[in-house]
Amino acid sequence: MINADISAQGDLLAISFATRPSQGSEGGVGWTFVRAAGQLAESTGTHVDLICDGRDEIELRAAMEFESWSNSMTVHPVALPSAALAKFGNARTRLSYLAWMPKARLLANRLVANSRYRASHQFTFATASMPSCLPTKAAMRVWGPLAIPDISTSSELSKCNFRDRIGVKAGQYGSRTFISSVSRLICQNDNTLLVARTRGVPATLEPNVVAEPRVRAVSTDQILTLAGSLIERKRPWLALQMINDAKMKDFRLQIVGDGPLRPEMERYCRLERISSRVEFTGHISHADAVERISISAALVHFAVREGAGWVVGEAAAGGVPSVVLGATGAATVLRLSGDLGVNVAECDSAAPPLDQVREAVLHTVERDNWLPSSRWSAKRLPELVGQWTSSPEPRSGFDERA
């Protein structure tokens, strides 16, 4: 239930770097949380001041015209510096966020100095490896959902290239500093929650996955789906090696997404003569990706690290089980989805657990009574935003919401 005292506590200052109503991924999540804040404001008679990236302003205002809560929110766009705009264009990258952040934080501090807010809440970017834009003098500072960079096992970290290892280590070190001054941290995964606990930061576990439950599609084919960027840390090779196993000869694999590994992966399929059973879709729309997942016997997700496995939540909402690997954010989402699938507990060894993965997939698809999960419906968000931005907890308190 939404806190009835919110109207007496004051308005909300919201910050969202990526807010793109027509997109999936980070921008779509930003819009979903902005929408939830607007719905909360309308129902409690409060107001939201939203600081956003100026590049999102036109699309954001157009989407708000169709929302009943539009009069409960004032948009404050912050332009990207001209040099950064020339370099990054319309891309929402970490470097473009760092270029945008100083002006956004300056505006946040100015708004807080001139208004009474019950809280300031930054929704996106969803990582603690960079500083937030939260105003320094806000009564309550809420950040997230976000993740702290992590590698599922020490051996996986050792196999990463030097640049990735430095990036993960630097991100972990910076995150511990950046989260220390917030009033409440909304954590994407179990690892981030653990780090918050050790730092004494009040924390809530709630991945930023949003997916409405839907009836599972029926497919007569044994289709497995791998969805995401084709980069090393996603371990797409493991899916190809699995589909090439003799026990998997009756299965097909559809690879939804694109990336630098695609040419080499296509060459592998030709050499191993499995091209007829492997389809590369390339970049497709979010709606088409969800449809592809919906006809799958299972989703396979083998990333070394993952803040929150959005695609695992998307699969669960359609009753499609997932097979995930290691203690990543994808495993957290799988657990919170009601264990709709299997988490292969990866041993800390140099050899990939191909046999374990194959057997887990075969076991998962044998079961045909998986039910869609309603855990990730956007309907939960207004109430959660209300809980997070009201009645601050003692510094030692933790809310491990499941």
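Everything numeric in this text was worked out from a predicted model, so none of it was measured.
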Polar contact flag, side-chain donor to acceptor under 3.5 angstrom, Thr225-Arg292: no
For Trp143 against Leu134, the heavy-atom pair lying closest together: CB-CD1, 4.0 Å
Just wondering, do Leu334 and Val312 contact through their side chains at under 4.5 Å, heavy atoms? yes
Do Val142 and Val182 come within less than 4.5 Å of each other through their side chains, counting heavy atoms only? no
Decide yes or no on side chain to side chain donor-acceptor pair (under 3.5 Å) for Ser294 and Arg214, but give the supporting numbers first. CA-CA 9 Å; Ser294 296; Arg214 57 190 183 278; 3.2 Å; yes
Using the side chain to side chain donor-acceptor pair (under 3.5 Å) rule, take Thr93 and Ser96 through it: C-alpha gap first, then chi angles, then the decisive distance, then the call. CA-CA 5 Å; Thr93 65; Ser96 64; 3.2 Å; yes
Keeping Ser285 on the side-chain end and Asp288 on the backbone end, is there a donor-acceptor pair under 3.5 Å? yes
Could you check whether any side-chain N or O of Thr389 sits under 3.5 Å from a backbone N or O of Val385, counting only pairs where one atom can act as donor and the other as acceptor? yes
Residue pairs passing the side chain to side chain donor-acceptor pair (under 3.5 Å) test with at least one member in residues 98-112, sequence neighbours excluded, are Asn109-Thr136
What orientation do Tyr97 and Phe125 show, parallel under 30°, tilted 30 to 60°, or perpendicular over 60°? parallel
Can you tell me how far the CG atom of Asp355 sits from the CZ atom of Arg358, to the nearest 0.5 Å? 4.5 Å
Would you say Gln39 and Pro382 make side-chain contact, with heavy atoms under 4.5 Å? yes
Where do Ser120 and Val112 come nearest, in terms of heavy atoms and distance? OG-CG2, 4.0 Å
Any salt bridge between Glu26 and Arg20, counting N to O under 4.0 Å? no
Could Glu272 and Arg277 be called an ion pair, given the rule that one side-chain N must be under 4.0 Å from one carboxylate O? no
Among Asp190, Asn189, Asn191, exactly one meets side-chain hydrogen bond (donor to acceptor under 3.5 Å, both in side chains) together with Thr332. Which residue is that? Asp190
I need the Asp258 CG to His283 NE2 distance, nearest 0.5 Å. 4.5 Å
Less than 4.0 angstrom from a charged side-chain N to a carboxylate O is my criterion; do Glu212 and Lys379 meet it? no
Using the rule given for side chain to side chain contact (heavy atoms under 4.5 Å, CB included), can you reason through Leu354 versus Leu238, listing the C-alpha separation, both sets of side-chain angles and the distance that settles it, and then say yes or no? CA-CA 7 Å; Leu354 180 58; Leu238 191 52; 3.9 Å; yes
Show your working on side chain to side chain donor-acceptor pair (under 3.5 Å) between Thr204 and Arg184 and close with a plain yes or no. CA-CA 8 Å; Thr204 295; Arg184 182 172 292 156; 4.7 Å; no
The single option from Cys133, Cys52, Ser132 that satisfies side chain to side chain contact (heavy atoms under 4.5 Å, CB included) with Ile15 is Cys133
Does the side chain of Gln122 pick up a donor-acceptor pair with the side chain of Ser16 at under 3.5 Å? no
Heavy atoms only: give me the nearest Ser296-Gln254 pair and the separation to one decimal. OG-NE2, 3.5 Å
Considering residues, nucleotides and ligands other than Arg94, do more than 12 of their heavy atoms fall under 6.0 Å from its CZ? no
Does a donor on one side chain and an acceptor on the other come within less than 3.5 Å for Trp310 and Asn208? yes
Residues two or more places apart in sequence or in another chain: which of them pass ring pair (Phe, Tyr, Trp, His ring centres under 6.0 Å) with Tyr268? Trp237
Step by step, work out the side chain to side chain contact (heavy atoms under 4.5 Å, CB included) result for Asp11 and Val48. CA-CA 6 Å; Asp11 297 332; Val48 178; over 6 Å; no
Row check, Trp370 ring normal vs Arg367 NZ/CZ: under 6.0 Å, within 45°: yes
Where do Val256 and Thr281 come nearest, in terms of heavy atoms and distance? CA-OG1, 3.3 Å
Under 4.5 Å between any side-chain heavy atoms of Met130 and Leu98, yes or no? yes
Residue list, ring pair (Phe, Tyr, Trp, His ring centres under 6.0 Å) with Phe280, at least two apart or on another chain: none
Considering all heavy atoms, the nearest Thr364-Ala298 contact: CG2-CB, 4.5 Å
Assess the residue pair Glu59 and Ser22 against the criterion (side chain to side chain donor-acceptor pair (under 3.5 Å)); give the C-alpha distance rounded to whole Å, side-chain angles, the decisive distance to 0.1 Å, and a yes or no. CA-CA 8 Å; Glu59 183 180 356; Ser22 65; 2.5 Å; yes
Answer yes or no: is there a side-chain heavy-atom contact under 4.5 Å between Trp376 and Val333? yes
Is there a salt bridge (Lys or Arg N to Asp or Glu O under 4.0 Å) between Arg61 and Glu65 once you walk through the steps? CA-CA 6 Å; Arg61 290 189 186 280; Glu65 289 183 0; over 6 Å; no
I want to check something: taking the side chain as every heavy atom from C-beta on, are Leu224 and Val323 in contact at a cut-off of under 4.5 Å? no
CG of Leu271: more than 12 outside heavy atoms within 6.0 angstrom? yes
Would Ile255 and Met265 count as a side chain to side chain contact (heavy atoms under 4.5 Å, CB included) if you check the C-alpha gap in whole Å, the side-chain angles of each, and the deciding distance to 0.1 Å? CA-CA 10 Å; Ile255 299 177; Met265 293 172 66; 3.8 Å; yes
Is any side-chain heavy atom of Val357 closer than 4.5 Å to one of Gln241? no
Determine, stepwise, if the pair Thr328 / Val304 fulfils side chain to side chain contact (heavy atoms under 4.5 Å, CB included). CA-CA 7 Å; Thr328 68; Val304 173; over 6 Å; no
Taking all atoms of both residues into account, what is the closest heavy-atom pair of Leu12 and Ala119, and its distance? CD1-O, 3.4 Å
Presence of salt bridge, Asp53 and Arg55, under 4.0 angstrom: yes
Counting C-beta onward and ignoring hydrogens, is there a side-chain heavy-atom pair between Phe302 and Val324 closer than 4.5 Å? no
Can a donor-acceptor pair be found, under 3.5 Å and without considering hydrogens, that links the side chain of Arg380 to the backbone of Ser377? yes
Can a salt bridge be assigned to the pair Glu206 and Arg375 using a cut-off of 4.0 Å between side-chain N and carboxylate O? yes
Between CZ of Arg335 and CG of Leu340, what distance do you get to the nearest 0.5 Å? 14.5 Å
Could Glu266 and Arg270 be called an ion pair, given the rule that one side-chain N must be under 4.0 Å from one carboxylate O? no
